[in-house]
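Structure record follows, encoded as structure tokens.
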There are 2 protein chains.
Amino acid sequence: MTGTRWLDDREMAAWKAYLTASHLLERRVEEQLKADAGLTHAQYEILARLSAAPGRRLRMTELAHGVVVSKSGLTYQIDRLEKRGLVERSTCPSDDRGVLAVLTDRGAECLERTAPGHVAVVRELLIDLLTPGELETVTRVMSRVETATRAAAR
Amino acid sequence: MTGTRWLDDREMAAWKAYLTASHLLERRVEEQLKADAGLTHAQYEILARLSAAPGRRLRMTELAHGVVVSKSGLTYQIDRLEKRGLVERSTCPSDDRGVLAVLTDRGAECLERTAPGHVAVVRELLIDLLTPGELETVTRVMSRVETATRAAAR
DNA sequence: GTGGAGTTGTTCAAATTCGAACTATGTGGG
DNA sequence: CCCACATAGTTCGAATTTGAACAACTCCAC
């Protein structure tokens, strides 16, 4: 409590640049997905994760963890996606409490249709701006942040 | 439309790590500010920007631009902060349409009280995890992202 | 000056998010 | 077997965010 270690100029510049850019990027991605496919970024991530999962299905909790959204937030989004026929709910064979979110064929098609535009934006506004070395640094740094944040959340 | 340049493994790893970590970090920052001061991260950023501005005041539009929030979003947050006495609205002398958001003494005190805990989290979950070189890379990269995103938003 | 185009900030409805409370189910110790 | 405790998802209310529509004002060209 004696003294706070404030951010020096370099640190402050890094934090500010990170904050501003991450918000702008998120806004732009959200905007593109909404315009092109009527999807939230969260919804897109859900479809993408399911698509990559074995059997195109994942437990709700696991999915929420992966997408980084609250349990109730995931329930809400799965409701939306189910109403649009992009996802189905299925009971979990090994645990009666559990629910499996399953990607439907329509969901897979929607993802296929939407992915190119999404990837283009991600490239244009992030990936293609980085040298291979910078890309590697970003991966390393952000993995460290993930670890630290998950540890702090216990 | 012929072919999409998909993300290769390295690129995908970078994007995934970035996405996950940035969401987790945002969540944690939000949580800390809410618990310690009853503030949103957006609200904290507003107070911080005003505090650093000459005369502790900024035009609404300028502030919205800096904090990366929509005009209506800023109106809402300034309403909240005004009700708590942390910010005041003042007419702009040079432009009758304009509104100046002004940090009050109470607002400054609130910021002073809140800043140490906030900085601690930012350090713990980001800044202190980076080497000086990584810090510099993050700043450089994210500045580039900001430029690209703002350019794309015209 | 005057008209039209652009800016500024607010209002409004809709969508999304979260945490807390709740229901139902699994699990381990006695 | 049974109870206490932990886990899985949902429901609910509150807060926040956005874009579109709107009213008021500035500014420039004529």
Side-chain angles (χ1 to χ4, degrees), chain A residues 22-35 37-46 57-84 87-102 153-154, chain B residues 22-35 37-46 57-84 87-102 153-154:
Chain A
S22 62
H23 286 159
L24 283 169
L25 181 54
E26 182 63 26
R27 263 162 106 57
R28 183 68 192 98
V29 167
E30 205 83 48
E31 185 188 352
Q32 183 270 326
L33 284 171
K34 187 85 70 190
L39 289 175
T40 299
H41 192 190
Q43 292 175 339
Y44 180 90
E45 279 302 308
I46 289 170
R57 66 195 58 215
L58 284 172
R59 287 289 291 271
M60 293 294 277
T61 298
E62 199 175 352
L63 191 48
H65 184 266
V67 179
V68 186
V69 75
S70 65
K71 289 186 300 174
S72 51
L74 183 62
T75 293
Y76 174 80
Q77 289 300 353
I78 294 291
D79 282 350
R80 300 292 111 191
L81 292 171
E82 201 168 23
K83 273 175 190 153
R84 285 177 60 177
V87 158
E88 278 173 0
R89 266 182 246 247
S90 164
T91 59
C92 178
S94 64
D95 187 339
D96 278 353
R97 296 169 304 179
V99 171
L100 288 167
V102 188
R154 298 300 146 201
Chain B
S22 62
H23 286 158
L24 283 168
L25 181 53
E26 183 63 28
R27 262 162 106 58
R28 182 68 192 99
V29 167
E30 205 84 49
E31 183 188 354
Q32 183 270 327
L33 284 170
K34 187 87 69 189
L39 289 174
T40 298
H41 191 189
Q43 291 175 340
Y44 181 91
E45 278 303 308
I46 289 170
R57 68 194 57 215
L58 284 171
R59 285 290 290 272
M60 293 293 278
T61 297
E62 200 174 352
L63 192 47
H65 184 265
V67 178
V68 187
V69 76
S70 66
K71 290 184 300 174
S72 51
L74 182 62
T75 293
Y76 174 80
Q77 287 301 353
I78 294 291
D79 283 350
R80 302 290 112 191
L81 292 170
E82 200 168 23
K83 272 174 190 154
R84 284 177 62 176
V87 158
E88 279 173 359
R89 267 183 246 246
S90 164
T91 59
C92 178
S94 63
D95 188 338
D96 278 354
R97 296 168 305 180
V99 172
L100 288 166
V102 187
R154 297 303 146 199

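Letters go in sequence order (proteins before strands), and every chain restarts at 1.
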Going by the rule side chain to side chain donor-acceptor pair (under 3.5 Å), which residues pair with [X] if we only count those two or more places apart in sequence or in a different chain?
{"X": "B/S70", "answer": "B/S72"}
{"X": "B/E45", "answer": "none"}
{"X": "A/H23", "answer": "none"}
{"X": "A/E82", "answer": "A/R89"}

Inset, instruction - For B/E31, enumerate each residue passing the salt bridge (Lys or Arg N to Asp or Glu O under 4.0 Å) test, keeping only those at least two apart in sequence or located in another chain. - result: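 So B/E31 forms a salt bridge (Lys or Arg N to Asp or Glu O under 4.0 Å) with B/R28.
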Nearest whole Å is fine: how far is [N] [atom2] from [X] [atom1]?
{"X": "B/E31", "N": "C/dA20", "atom1": "CD", "atom2": "P", "result": "10 Å"}
{"X": "B/R28", "N": "C/dC18", "atom1": "CZ", "atom2": "P", "result": "15 Å"}
{"X": "A/L39", "N": "C/dT16", "atom1": "CG", "atom2": "P", "result": "10 Å"}
{"X": "B/H65", "N": "C/dT7", "atom1": "NE2", "atom2": "P", "result": "13 Å"}

Legend entry - Gap separating the CG atom of B/L63 from the CD atom of B/Q77, nearest 0.5 angstrom: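 Reported value, rounded in 0.5 Å steps: 10.5 Å.
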Heteroatom pairs (N/O) under 3.5 angstrom, protein to nucleotides 9-11 of chain C:
from: C/dG9; atom 1: OP1; to: B/R59; atom 2: NE; distance (Å): 3.0
from: C/dG9; atom 1: OP1; to: B/V99; atom 2: N; distance (Å): 3.1
from: C/dG9; atom 1: OP1; to: B/V99; atom 2: O; distance (Å): 3.3
from: C/dG9; atom 1: OP2; to: B/T61; atom 2: N; distance (Å): 2.9
from: C/dG9; atom 1: OP2; to: B/T61; atom 2: OG1; distance (Å): 2.0
from: C/dG9; atom 1: N7; to: B/K71; atom 2: NZ; distance (Å): 3.4
from: C/dG9; atom 1: O6; to: B/K71; atom 2: NZ; distance (Å): 3.3
from: C/dT10; atom 1: OP1; to: B/R89; atom 2: NH1; distance (Å): 2.4
from: C/dT10; atom 1: OP2; to: B/T75; atom 2: OG1; distance (Å): 2.7
from: C/dT10; atom 1: OP2; to: B/R89; atom 2: NH1; distance (Å): 3.3

I'd like to check the side chain to side chain contact (heavy atoms under 4.5 Å, CB included) partners of [X]; sequence neighbours left out, ordered by chain and number.
{"X": "A/R57", "answer": "A/S90, A/L100, A/V102"}
{"X": "A/A42", "answer": "A/T40"}
{"X": "B/R97", "answer": "B/D95"}
{"X": "A/T61", "answer": "none"}

Inset, instruction - Starting from the 5' end of DNA chain C, give me the residue, A/V69 or A/S94, whose nearest nucleotide shows up first. - result: A/V69
Inset, instruction - Taking only the side-chain nitrogens and oxygens of A/Q77, find out if one of them lies under 4.0 Å from OP1 or OP2 of C/dT17. - result: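 Looking at the OP1 and OP2 atoms of C/dT17, one of them is under 4.0 Å from a side-chain N or O of A/Q77.
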Legend entry - First of A/R27 and A/D95 reached from the 5' end of DNA chain D, by closest nucleotide: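 On the 5' side of the pair lies A/D95.
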Inset, instruction - Work out how much the helix from C/dG1-D/dC30 to C/dG30-D/dC1 bends between its end axes, five pairs an end, to the nearest 10 degrees. - result: 30°
Legend entry - Residue that, paired with B/H41, satisfies side-chain contact (heavy atoms from CB on, under 4.5 Å) out of B/R27, B/E30, B/K34: B/E30
Legend entry - Range on DNA chain D touched by chain B - first to last nucleotide, heavy-atom distance under 4.0 Å: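 Contact span on the strand: D/dA15 to D/dT26.
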